[in-house]
Every structure is written in C-alpha cells, then in structure tokens.
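Values below: every heavy atom of this structure, side chains too, minus hydrogens, waters and symmetry copies. Positions are given from 1, in the same order as the sequence printed here.
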Amino acid sequence: MPLFEYRCPTCAIDFELLMRDGDTAACPQCGSHRVGKLLSAASPLAAQSRLPVVGDCPPGNAPCGPACCRLP
C-alpha cells in the first residue's frame, strides 16, 4: 500500500495515510473528506539507490529492451 500525504483545509493539519486502490482519504481529526494530496519529497535513500547493471545489458546508457535493468 502506498503512503500518501494530505492536508485538511478545515483543521489546517497535514497527515499521512496508507491508501489502497479505491480508498477515500479522510482527515483523522475532523473526518472531512475534503482533503488535498500533497506532493511528497523523495526519500534521500531512494534518490541515492542505484540498480545493478545486468551483465547482458549493452554498454553505455542505451536500454537493452522492454525489461531492461536500467529503465525507470
């Protein structure tokens, strides 16, 4: 389940929720469903991680195919 950040305009609080597909976010303080999703910053650990390059990938930055290890 992805973790999302929201802001409640009624309570003026920010909060995080684990959301499943089809779930509706609600403020944990007032119960309002009129919340806005915030743009989250990437984790510093995620930004620093690098995927290993598989031996049969071509040299350079060219992807080797649809399931290439270097595709995002």
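- Taking each heavy atom of Ser32 and Thr10 in turn, the nearest pair found is OG-OG1, 4.2 Å.
- The minimum heavy-atom distance linking His33 with Ala25 is given by the pair ND1-O, 3.1 Å.
- Of all the heavy atoms in Val35 and Pro9, the pair that sits closest is CA-CD, 4.3 Å.
- The two residues Tyr6 and Met19 come nearest to each other via the heavy atoms OH-CG, 3.6 Å.
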